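For reference, the structure is listed below as structure tokens.
Chain identifiers are assigned alphabetically (A, B, ...) following the order of the sequence lines, protein sequences preceding nucleic acid strands; residue numbering begins at 1 within each chain. These numbers come from a predicted model, not from an experiment.
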Amino acid sequence: MLLEAQGIVKAFGSFRAVDQANLVVAENELIGLIGPNGAGKSTFFNCLAGDTRPTSGTIRFRGQEITRLSPDRHARLGLARTFQVPIVFAGMTVRENVMVGALLRHPHRRRAADEADELLHFTGLAERAEMPVTALGTPGRKRVEIARALATEPRLLLLDEALAGLTSSEVEAAIELVERIHARGVTLIVVEHIMEVIHRLTERVLVFHQGRVIAEGTPAEVTADPTVIAAYLGRRRGRAQ
Amino acid sequence: MIPLRRAGPVAVLVILAIAPFLTANPFYQRIAALVVLAAISASAWNVIGGYAGQISFGHSIYFGIGAYASLLLFGRFGLPPIAGAPLGIIASFVVSLIIGPPTFRLRGHYFSMGTFAIAALAEILIVNWKFAGGAIGLMGPAMPRSLADLLFRNSLPYYAIFLAVLALLLALTHLMQRSRMGFYLRAIGAGERAAESLGVPVQRYKLYALLISGAFTALAGSLYAVMIGFVDPESGFGILISVNMVVIAALGGVGTLFGPLVGAIILVPLQETTNALLGGSGTGAAYVAYGLIIMLIARFSPGGLAELWPLINRHGRRRAA
């Protein structure tokens, strides 16, 4: 197994943002995490990336326990991520942003620049390589984040709402990009709101609600699941009965 | 375009190398030496404050350590003051290792406030440390005993020594800028969380930056003591020493190679002339001007003067749309 998360709990005081979540990811999978706002998927995601330390539970990556390792150690081991709101390095060009990622495996500037160029080409940013990164809009910045994360040569990439806030044509391009990343042999976990995207991209989905995983299966299975429908649409129907 | 960009810095260095020799006026020569000295400490500050974006207001500690190391070695052991420079650098490493890790846990303004508090504390400690002259301070040699005392009537030898140190520091900074460390520091300054997620060991790189920055600031302090021959708690550890470095770097452009030098060329003469015009009671006047400068930078050009350069010079280059 590439990644195994068992019994993950993240408590803030008496509130459990994530409550006993489990996830097992095999090499080359493409997994979706969905759920309404505040369901705990982002917190869970941050636990996997090392940004948040879980209150209890263990996470193993390629057989090694990583539960309490810092985010930079995660990157070193081959687990990369993007952020819901892109954090680009202002004051640098697009290429330099990607080079920061590439320098992890290629300490020499020249090599890192070559690696960055390859990924800028892959993500469709080649023509904007020399631009200051702050000149890009949200879709461009999301691509920079993806290119930068790929530059660390991850085995597993966590995409946090990489498609949120994009127009439909941009979503189309982004879906195609995610598919190509998957085709490169990178295992992916994507947090996403848009059901259509989940349907098209993923083979297996986990549905979060109130900190718990309430359903798991293929996109078709979970969307037909009554508990999932109740979680998304509320319990009005249930109360009326 | 590229040769032009290379020519700029070279021209600056050539002008700097000959400038003070063009005047026989000792007042101007002294200012020239002080400009280069201020450029050293501001450029040293720039490594952690500019590139890594950690705005330290505690660098007076390093400056004071260097200055005191020099004059303590002279005053207590009769050694030439410059012998204190390596001692000051070693002491700066110890200080960085002690104050770095805890303050780096603070982010943004909190880091600035934390370092400010530590510097204020250091000044109080020195005032109460009898061995180091207490509130009165320490004197350097009154008459040169040998060349090693580096005591000259004229400011030009100091100017030459300072310029050599500045050239070394800027060369190192230039190399750093192009290396992995330079990229990592800029990434840390621009977004610590993202840098971490890309495998940058953030705390470790901040410490590297502080070690380099502190060492050169301590060296600047030693050089100051060698030239001036006197240091007291205020001129060594005073909070205005820190403020000076920050304002000079901010005016020229933080996180740029030549920004601090440009800032020093503008601000130090301003400070020295107001001091000369208004006498001892007017030493605060320059800081009134500093306040105004800080407001103007913050309002119109947060990147310092370096931000305005590309607009003026590189008209051909694409300004991002």
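Interface with chain B: from residues 84-108 of chain A, residues A/I87, A/V88, A/F89, A/A90, A/G91, A/M92, A/E96, A/M99, A/V100, A/G101, A/L103, A/L104, A/P107 qualify, criterion being any non-hydrogen pair under 4.5 Å.
The residue among A/G50, A/A151, A/P71 with the most heavy atom pairs within less than 4.5 Å of chain B is A/P71. With chain A as partner, the option from B/G255, B/A187, B/A190 having the largest number of non-hydrogen pairs under 4.5 angstrom is B/A187. Heavy-atom pairs under 4.5 Å with chain A peak, among B/E196, B/R193, B/R186, at B/R193.
Note that CG of B/L198 is 8.5 Å distant from CD of A/E145, once rounded to the nearest 0.5 Å. Note: B/R180 CZ to A/R109 CZ = 14.0 Å, rounded to the nearest 0.5 Å.
More than 12 heavy atoms of other residues, nucleotides or ligands sit less than 6.0 Å from atom CZ of A/R184. Taking a 6.0 Å sphere around OH of B/Y110, one finds it holds 12 or fewer heavy atoms contributed by other residues, nucleotides or ligands. Crowding of A/F122 atom CZ: a count of heavy atoms from other residues, nucleotides or ligands under 6.0 Å exceeding 12.
Across all non-hydrogen atoms, the minimal contact from B/S197 to A/A75 is O-CB, 3.4 Å. Nearest heavy atoms, B/G199 versus A/R76: O-NH2, 3.1 Å.
Residues passing the side chain to side chain contact (heavy atoms under 4.5 Å, CB included) test with B/A220, sequence neighbours excluded: B/L37, B/I40, B/S41, B/F63. Partners of A/A80 under the side chain to side chain contact (heavy atoms under 4.5 Å, CB included) rule, at least two apart in sequence or in another chain, are A/A149, A/T152, A/P154, A/L157.
Among pairs with a residue in residues 184-216 of chain B, those fulfilling ring-ring contact (aromatic ring centres under 6.0 Å, His included) read B/Y184-B/Y205, B/Y205-B/Y208, at least two apart in sequence or across chains.
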